[in-house]
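Within every chain, numbering begins at 1; the chains are lettered A, B, ... in the order of the sequence lines, protein sequences first and strands thereafter.
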Amino acid sequence: MSAFGVTRATLLKDLRMEWRSKDAINSMLFFSLLVVVIFSFAFNPTAEESRQIAGGLIWVSFLFAAVVALNQTWARELRNQVLDAYRVSPAPPNALFLAKALGNFLFVMILEALMAPLFVVFYQLRSVGPVWQLVVVALLGTWALVVNGTFFAAMSIRTRSREIMLPLILFPISIPALLAMVDSTTGILTGEFSPDFWIKMLLVYDVVFTSVCLLLFESVLNAE
Amino acid sequence: MKPLNLLFVVITLGLLGFSTYQALFVAPTEQTMGEVQRIFYYHVPSAWVAGLCFFVNFLASVAYLVKRSSNADALAAASAEVGVVFCTIVLITGPIWGRPVWGIWWTWDARLTTTLVLWLIYVSYLILRRFASGSQTQTLAAVLAIFGFVDVPIVYMSIRWFRTQHPSPVIAGGANSGLDPIMLHAFFWNLLAFTCVGIILVMARYRLQKMENQVEAEHAELALQGGVR
């Protein structure tokens with residue numbers, strides 16, 4: 001089976017499992033809904049204020065919600081020693097990694113598409129800048145979170161307290177990506193400054209960390 | 001302790017005494033900042049040692065992934081720990097200096113924020129080392145170290161842009177521009193002394209880590225033989 005075949009088969013398997021159980025999507029949705037409601041109580045913003053803080057709210061809630069899905073990425077492969085079977089098979093490790101990362105990317109993008117209207121309603125958001133730029137930021141930003149998140153989930157699954165470990169190692173590394181997402185979103189929503197630098201920054205972050213992940217995933221998969 | 005090591009420790013202690021004397025008594029008092037500026041002689045060398053440690057940590061981690069030698073891993077662990085200690089010193093002495101000079105303890109300026117994020121990254125590295133079990137620890141830690149090191153320039157770039165966009169309330173910089181020659185002299189003595197202290201700490205921690213590895217290996221061996229010798 002070619003690398004592409006492995007990626008496709010794993011991705012389709014994960015999507016089918018998610019379609020049948022809807023575990024990740026449901027828990028992410030409910031989780032970010034909770035964050036939205038709690039934030040709105042905590043800050044109680046007016047329409048003008050919410051435009052200023054929405055970038056932060058949106059991305060922090062997606063980041064927290066994504067961790068929920070990321071933690072489940074590899075857990076199901078541990079049951080029945082699927083991961084060990086994968087290790088002894090000749091299939092390229094990066095094909096598996098890409099499939100998992102793409103799967104998570106799809107889940108989080110679906111979450112964002114479903115949650116975006118809620119943010120608009122609850123925080124009375126109206127974008128001053130062009131909305132298509134928000135889509136670009138969402139695509140690049142989500143990949144930035146998910147590619148490292150999938151990688152670190154594979155690492156944290158091998159530690160003693162799995163679920164706690166992931167955010168502890170993911171958040172510090174993700175700080176520049178989060179900064180870029182939040183600031184570009186604020187820039188687009190308020191129209192006060194151009195998000196161009198931040199979008200380029202996200203692009204650089206994506207390219208750099210996708211390469212590092214692909215370079216090192218084999219060592220993590222085979223760590224003994 | 002081997003005699004050569006002992007000699008190095010003695011020399012370092014002498015250096016440390018001399019450099020402290022230089023910093024506190026020989027170097028002139030700064031005109032606008034006053035005596036508090038002398039913290040500069042500890043703050044900046046600590047930052048240098050921390051940076052050096054993190055760089056060694058990166059090199060050792062790459063070496064571990066290439067050669068799989070547990071000595072490289074021991075060096076990575078040792079340098080990360082010492083680096084975090086010196087980074088903590090930087091983060092503590094910084095506000096002590098900043099409060100009387102800038103009027104505030106902390107500002108989210110590029111250099112301060114980058115140092116804080118650096119500290120966060122390497123603390124998470126140490127946490128991972130603690131939570132991972134067995135020989136996986138070494139690989140996982142080495143991988144995370146590479147991620148952390150790659151992240152630092154990106155953090156610095158992004159935060160510098162972030163801060164130039166929203167100017168911070170404090171413009172006054174440190175004593176970097178046009179240092180008095182006597183100050184510079186005292187500063188370099190401190191830099192040397194702190195580097196030596198850093199090397200001693202890393203080497204001591206490195207030997208300790210190697211011993212820990214040995215003990216663990218012996219235990220594993222013993223367990224394989226049925227727990228009795």
Student: For A:Tyr205 and B:Asp151, which heavy atoms make the closest approach, and how far apart are they?
Tutor: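 Taking A:Tyr205 first and B:Asp151 second, the nearest heavy atoms are CE1-OD1, 3.8 Å.
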Student: Which one, A:Ile173, A:Leu168, A:Val212, leads in non-hydrogen pairs under 4.5 Å with chain B?
Tutor: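 Going by pairs under 4.5 Å, I would pick A:Ile173.
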Student: Take the angle between the ring planes of B:Phe147 and A:Phe209 and call it parallel below 30°, perpendicular above 60°, tilted in between.
Tutor: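 If you compare the ring of B:Phe147 with that of A:Phe209, the planes turn out parallel.
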Student: Closest heavy-atom contact between A:Met201 and B:Ile154?
Tutor: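 Scanning both residues completely, I find the closest heavy atoms to be CE-CG2, 3.2 Å.
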Student: So what's closer than 4.5 Å to chain A heavy atoms on B:Ile146: side chain, backbone, both or neither?
Tutor: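 Just the side chain, heavy atoms under 4.5 Å.
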Student: Heavy-atom distance under 4.5 Å to chain A: side chain of B:Leu128, backbone, both or neither?
Tutor: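 Both parts, backbone and side chain.
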Student: Do A:Trp198 and B:Ser158 have side-chain heavy atoms sitting under 4.5 Å apart?
Tutor: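 Sidechains of B:Ser158 and A:Trp198: in contact.
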Student: Taking everything shown except A:Arg76 itself, do over 12 heavy atoms lie less than 6.0 Å from its CZ?
Tutor: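 Result for CZ/A:Arg76: enclosed.
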Student: Would you say NZ of A:Lys13 has more than 12 non-hydrogen atoms from neighbouring residues, nucleotides or ligands within 6.0 angstrom?
Tutor: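 Check passes, neighbour count above 12.
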Student: Which bit of A:Met155 comes within less than 4.5 Å of chain B, counting heavy atoms only: side chain, backbone, both or neither?
Tutor: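 Its backbone and side chain both get close to chain B.
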Student: Which one wins on heavy-atom pair count under 4.5 Å against chain B: A:Ala177, A:Pro172, A:Ser156?
Tutor: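 Greatest number of close heavy-atom pairs with chain B: A:Pro172.
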Student: Which pair of heavy atoms, one from A:Ile169 and one from B:Ser124, lies closest together, and at what distance?
Tutor: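 A:Ile169 and B:Ser124 have their closest heavy atoms at CG2-O, 3.9 Å.
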Student: Side chain, backbone, both or neither: which part of B:Arg68 has a heavy atom under 4.5 Å from chain A?
Tutor: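 Interface part for B:Arg68: side chain.
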Student: Heavy-atom pairs under 4.5 Å with chain A - which of B:Leu140, B:Ile127, B:Val123 has more of them than the others?
Tutor: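 Ranked by contacts with chain A, first place is B:Leu140.
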Student: Does any non-hydrogen side-chain atom of A:Ile175 lie less than 4.5 Å from one of B:Thr113?
Tutor: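 The answer is no; the side chains never approach within 4.5 Å.
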Student: Can you give me the closest heavy-atom contact between A:Ser219 and B:Thr139, atom names plus distance?
Tutor: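 Nearest pair, atom of A:Ser219 first, then B:Thr139: O-CG2, 3.5 Å.
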Student: Tell me, for A:Phe171 versus chain B, whether the close heavy atoms (under 4.5 Å) come from the side chain, the backbone, both or neither.
Tutor: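 Interface part for A:Phe171: neither.
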Student: With a 6.0 Å cut-off (strictly less than), is the heavy-atom count around CH2 of B:Trp106, excluding the residue itself, greater than 12?
Tutor: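 Yes, because the 6.0 Å sphere around CH2 of B:Trp106 holds more than 12 heavy atoms from other groups.
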Student: Take a 6.0 Å sphere around CD of A:Glu218 and say whether it holds more than 12 heavy atoms from other residues, nucleotides or ligands.
Tutor: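 Result for CD/A:Glu218: open.
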Student: Are there over 12 heavy-atom neighbours, none belonging to B:Leu208, within less than 6.0 Å of that residue's CG?
Tutor: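 It does: B:Leu208 CG has more than 12 such atoms within range.
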Student: Write down the atom of A:Met165, the atom of B:Phe131, and the distance for their closest heavy-atom approach.
Tutor: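 Scanning both residues completely, I find the closest heavy atoms to be SD-CB, 3.8 Å.
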